[in-house]
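Okay, so here's the structure we're looking at.
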Amino acid sequence: MDSKLEVYIEGLNDAQRAPTLHKDGALIVIAGAGSGKTRVLTMRIAYLMSQGVDAFNILSLTFTNKAAREMKKRIAGIVGNNEAKNLWMGTFHSIFAKILRIEADKLGYPSNFTIYDTQDSQRLISAIIKEMQLDKDIYKYKQVQNRISSFKNSLITVRAYANNPELVEADAMAKRPRMGEIYAEYVDRCFKAGAMDFDDLLLRTNELLNRFPEVLNKYQNRFKYILVDEYQDTNHSQYLIVKALSDKFQNICVVGDDSQSIYAFRGANINNILNFQKDYENVAMYRLEQNYRSSKNIVEAANSVIEKNKTRLDKTVWTANEDGGQIIVHRSPTDGEEGRYVASSIFENRMNHQLNNGDFAILYRTNAQSRAMEDALRKRDIPYRIYGGLSFYQRKEIKDVLGYLRVLVNPKDEEALKRVVNYPARGIGGTTLDKLTVAAKHYGRSIFEVMDKIEQLGPSMNINRGTQTKLKNFVTMIKSFQILNEESDAFTVAETVARKTGLLQELKKDGTPEGIARIENIEELLNGMRDFVEEQKELADATGSLAEFLEDVALATTLDNDTGDDDRVALMTIHLAKGLEFPFVYIVGMEEDLFPSGMSMSTRSELEEERRLFYVALTRAEKQAYLTYTESRYRWGKLVDAEPSRFIEEIDDKYLDYQTPMESYRYKPLIDADIFGDVDKSKLRLKKPVSGTPPKVGTPTQDQLRKLRKIRPAAGDSATPSLAGSLEPGTVVEHIRFGKGIVAGIEGKGQDQKAEINFENGGLKKLLLRFAKLKIVE
DNA sequence: ATCGAGTGACTTTTT
DNA sequence: GTCACTCGAT
């Protein structure tokens, strides 16, 4: 083994080293927050390569392209750049887009197919709904798009849908009987446009691997070792791809944390990780439980939160780090005040602890919350960067330039064509476009082809001479770009496009500060393309082509764009923050209806996902976490009352520092303060604790570890002996975390029986007896 | 065909 | 408060 690698591997702890050195077979690594899973993945790949595995035979799937790049860089540092550069590493979407381009012809796609982003998909669906003359209030394009997306993620094709009475019925019940037709038309239109949407990149990969055994065989042989990060967030489609590719060698390593599964809303299936052991033979399971990131207070507070979830693999994250400060809870009258508080707190902390702006992050549940924070930071002259929301590539002026580039690469790309055909205005309006669309459908050709043949087809389409000329000019312009693209690099083409189409002039004419900013944005895009071209020249399997650039753009995340070279406070949604860490973290908008989101409170599993999201948020913090909430906040342009989030209450008080008294906002106890009634209060003042202080979560005893290693019974499983019946008000019980307490009331029966217990450590809690680890003391 | 003002729905989270 | 879409005036 390389001595450099040896030193690195020496540096791992035992739990990390075991999966790193586990060469062949299937393994799953359950990695708690901050437990160094990226290190394990990186070292494992380096180790495989040191054992003679060719980089070409390793496939590593990550959650963001940025993560892939960073890992690749670290591996290059160990095994050398020449070796590392042959690794296949990236997101599911980008890796399989690459494969699909190679194999496109088998599926009847051009290899330069376009990737439709969500907006493209939604526009197309809107157009289809309109063409079918359906009521747009019933067929809401966003809902329809969502539904189609979930079909695709579950591998329900148009035909499978039609053959599934349950689904058809469900849509009929929802007053959308023609969903299937829309779905069929949408798929057909994408196909004819030579376009794939995000879900297609996975769905078509499945199709490819299923329909063409020789292709499957080829990639099975190629990817002898497969590694998947963030496995808890894979959807069914991704699961099947991994399963198919790893089937032959079964050298599959998945890493994840069920407690951090936060993408169920887009089809992620937590069962993928929960059932991994059933999917492969002789699965080795490893756990990383030591957290190196956060203070003990934060780790334990986060544990106390996630413990409330029923569906999870048991593990105990602990840390040897210092206690650290308590989590600070702060209430503000309005969202504006909240912003001001956060800004001045950042300012003070930065001074007092001599920190950089980059040491701070503000996390929120919804993008809309960023505004108040931005305003406050700007007033304080604190530099910040917003991640997510409208990304650079989604800005109008950028999409316009990209639209032209897309059309010239793939003239069948209908959405791009519709976008640019009349911008800047050149007299080709909606009416003409409608006629062209009808004709295109009639002849089974793309709109661009019809435009190209307008002289022959024009008369029968009722398009006048003037318009015909305009169309002809447009086609000629695009064709000239295509020729240029044959002989020049992507940057040159884009620059020419920006000038020749009149896009830049249009903005110059505008003259407003906004217009100037847009010109600057286009310049930034061009600079980016120049860099791209330079970069690609150095890479082995890249061509620096325009098509490649467009693919990168389509699949880029806002995080991917971060150069990270300037010192700014980070603002982002909690979803985006997954995998990141910051010394100081402010979680803002800790309010009912916002976090947990009002749309995710109706079912237990939704609420549990919100709780996992909160867990993710908390565990981003290294040194200090803040939770802020408001009494009222602007939503939908209106001031509405707010109530503190239940998640604050779920954290044990001993981890919290209420800067603002919570009293008046605390949930009213369901039972009066004198719940003890005629019970002897002295019972609560515990006579000497039986076995010292209750064991802490942070440092599990061997006995606890043994117990925790078992997967918890699923809901409905009654394997645990129930205490039902043996409890009554007044019974004194002991809980592993909350210590001693006294039963205040019992409600429900059977499976759902709950007890309300007043604990010395935790206050009033309602526990499901089926799951509560209670011991009757007396 | 084009542009502006006005209207209405809407926000969960993203590759 | 914001985006996307509609309608009426040019």
Side-chain angles (χ1 to χ4, degrees), chain A residues 61-67 90-97 115-119 121-123 126-127 129-130 136-137 140-143 145-146 149 152-153 196-203 230 233-235 237-238 261-268 335 363-372 387-391 393-394 396 421-434 464 466-467 470 551-560 572-578 589 593-602 606 609-610 612-614 616-617 633-639:
Chain A
L61 297 163
T62 56
F63 196 65
T64 64
N65 289 306
K66 187 186 178 201
T91 61
F92 272 90
H93 288 84
S94 61
I95 293 282
F96 295 113
I115 296 170
Y116 274 180
D117 65 16
T118 309
Q119 199 184 21
S121 299
Q122 289 180 347
R123 283 184 183 204
S126 291
I129 290 170
K130 204 168 169 186
K136 65 173 166 44
D137 292 331
K140 296 191 173 151
Y141 67 95
K142 278 187 186 168
Q143 285 179 13
Q145 194 262 339
N146 242 317
S149 172
K152 289 185 172 184
N153 283 329
M196 296 203 198
D197 63 21
F198 288 137
D199 307 316
D200 280 329
L201 295 174
L202 307 174
L203 179 68
E230 307 283 11
D233 286 324
T234 51
N235 64 31
S237 200
Q238 292 167 322
S261 160
I262 54 174
Y263 282 101
F265 72 93
R266 70 168 197 217
D335 46 356
L363 308 182
Y364 33 78
R365 176 69 240 264
T366 67
N367 280 307
Q369 289 165 259
S370 70
R371 176 166 298 273
Y387 297 83
L390 253 201
S391 85
Y393 293 115
Q394 286 171 350
K396 185 186 177 306
V421 72
N422 200 30
Y423 185 84
R426 46 176 78 89
I428 306 170
T431 323
T432 309
L433 213 56
D434 284 348
N464 66 41
T467 311
K470 289 170 185 162
E551 175 176 313
D552 273 18
V553 166
L555 300 177
T557 59
T558 42
L559 242 41
D560 290 333
M572 64 185 90
T573 62
I574 300 165
H575 281 89
L576 270 181
K578 193 173 70 164
D593 225 34
L594 186 60
F595 193 18
S597 157
M599 309 188 81
S600 302
M601 296 196 303
S602 51
E606 281 174 337
E609 174 145 321
E610 293 285 309
R612 290 192 294 268
L613 194 56
F614 182 49
V616 168
R633 119 177 0 256
Y634 277 97
R635 289 179 85 178
W636 326 288
K638 277 213 159 91
L639 200 61

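Sequence lines set the chain letters: A, B, ... in the order given, protein chains first and strands last, and positions in each chain run from 1.
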Problem set entry | Side chain A:Asp199, main chain A:Asn153, donor-acceptor under 3.5 Å |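 Not confirmed, A:Asp199 side chain does not pair with A:Asn153 backbone.
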Exercise. Hey, does the side chain of A:Asp434 reach the backbone of A:Thr431 with a donor-acceptor pair shorter than 3.5 angstrom?
Worked result: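 Here the side-chain-to-backbone pair does not exist.
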Problem set entry | Any A:Thr431 side-chain N or O less than 4.0 Å from OP1/OP2 of B:dA1 |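 A:Thr431 to B:dA1 OP1/OP2: side-chain N or O found under 4.0 Å.
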Exercise. So, is A:Asn153 close to the B:dT15 phosphate, meaning a side-chain N or O under 4.0 Å from OP1 or OP2?
Worked result: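 Checking B:dT15 against A:Asn153, no side-chain N or O comes under 4.0 Å of OP1 or OP2.
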Return the value, rounded to whole Å, for the distance between atom [atom1] of [X] and atom [atom2] of [N].
X	N	atom1	atom2	result
A:Leu433	B:dA1	CG	P	10 Å
A:Lys638	C:dT2	NZ	C1'	15 Å
A:Lys396	C:dT2	NZ	P	18 Å
A:Asn464	B:dA1	CG	C1'	11 Å
A:Gln145	B:dT15	CD	P	14 Å
A:Tyr423	B:dA1	OH	C1'	17 Å
A:Asp197	B:dT14	CG	P	18 Å
A:Glu230	B:dT15	CD	C1'	13 Å

Exercise. Can you say whether the rings of A:Phe63 and A:Tyr263 are parallel (under 30°), tilted (30 to 60°) or perpendicular (over 60°)?
Worked result: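 A:Phe63 vs A:Tyr263 ring planes: tilted.
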For this session: Could I get the full list of side chain to side chain donor-acceptor pair (under 3.5 Å) partners for A:Ser600, not counting sequence neighbours?
Result: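 For A:Ser600, the residues satisfying side chain to side chain donor-acceptor pair (under 3.5 Å) (neighbours in sequence not counted) are A:Glu610.
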First locate atom [atom1] of [X], then atom [atom2] of [Y], and finally report the distance between them rounded to the nearest 0.5 Å.
X	Y	atom1	atom2	result
A:Tyr387	A:Thr573	OH	OG1	12.5 Å
A:Asn146	A:Phe265	CG	CZ	9.5 Å
A:Leu555	A:Leu201	CG	CG	6.0 Å

Problem set entry | Non-neighbouring partners of A:Lys140 that pass salt bridge (Lys or Arg N to Asp or Glu O under 4.0 Å), sequence neighbours left out |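 With neighbours one apart ignored, the set is empty.
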Exercise. Who pairs with A:Arg635 by salt bridge (Lys or Arg N to Asp or Glu O under 4.0 Å), at least two apart in sequence or on another chain?
Worked result: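 Per chain and number, A:Arg635 pairs via salt bridge (Lys or Arg N to Asp or Glu O under 4.0 Å) with A:Asp593.
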For this session: Check whether any side-chain heavy atom of A:Arg633 sits under 4.5 Å from a side-chain heavy atom of A:Leu639, and report yes or no.
Result: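 When only atoms from C-beta onward are counted, A:Leu639 and A:Arg633 do not touch, as no gap falls below 4.5 Å.
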Have a look at [X] and say if it touches a base, only the backbone sugar-phosphate, or nothing, with a 4.0 Å heavy-atom cut-off.
X	value
A:Asp199	nothing
A:Thr432	sugar-phosphate
A:Arg635	nothing

For this session: State whether the number of non-hydrogen atoms from other residues, nucleotides or ligands found under 6.0 Å of A:Tyr634 atom OH is greater than 12.
Result: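 Counting neighbours around OH of A:Tyr634, 12 or fewer heavy atoms of other residues, nucleotides or ligands fall under 6.0 Å, so no.
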For this session: Identify, between A:Phe63 and A:Ile428, the residue whose nearest nucleotide on DNA chain B lies closer to the 5' end.
Result: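 Whichever sits nearer the 5' end wins; that is A:Ile428.
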Below 3.5 Å is the cut-off: list the nitrogen or oxygen pairs between protein and nucleotides 3-9 of chain B, distance only.
none

Measure all distances between protein nitrogen or oxygen atoms and nitrogen or oxygen atoms of nucleotides 11-13 of chain B, and list the pairs falling under 3.5 Å.
{"unit_1": "B:dT11", "atom_1": "OP1", "unit_2": "A:Lys142", "atom_2": "NZ", "d": "3.3"}
{"unit_1": "B:dT12", "atom_1": "O2", "unit_2": "A:Arg365", "atom_2": "NH1", "d": "2.6"}
{"unit_1": "B:dT12", "atom_1": "O2", "unit_2": "A:Arg365", "atom_2": "NH2", "d": "2.3"}
{"unit_1": "B:dT12", "atom_1": "N3", "unit_2": "A:Ser600", "atom_2": "OG", "d": "3.3"}
{"unit_1": "B:dT13", "atom_1": "OP1", "unit_2": "A:Asn367", "atom_2": "N", "d": "3.1"}
{"unit_1": "B:dT13", "atom_1": "OP1", "unit_2": "A:Asn367", "atom_2": "ND2", "d": "3.4"}
{"unit_1": "B:dT13", "atom_1": "O4'", "unit_2": "A:Arg365", "atom_2": "NH2", "d": "3.4"}
{"unit_1": "B:dT13", "atom_1": "O2", "unit_2": "A:Arg365", "atom_2": "NH2", "d": "2.5"}
{"unit_1": "B:dT13", "atom_1": "O2", "unit_2": "A:His575", "atom_2": "NE2", "d": "3.4"}

Between the protein and nucleotides 3-8 of chain C, list the N/O to N/O atom pairs that are separated by less than 3.5 angstrom.
none

Exercise. Within 45° of the axis and under 6.0 Å from the centre of the six-membered ring of A:Tyr423, does NZ or CZ of A:Lys396 qualify?
Worked result: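 Checked: cation-pi criterion met.
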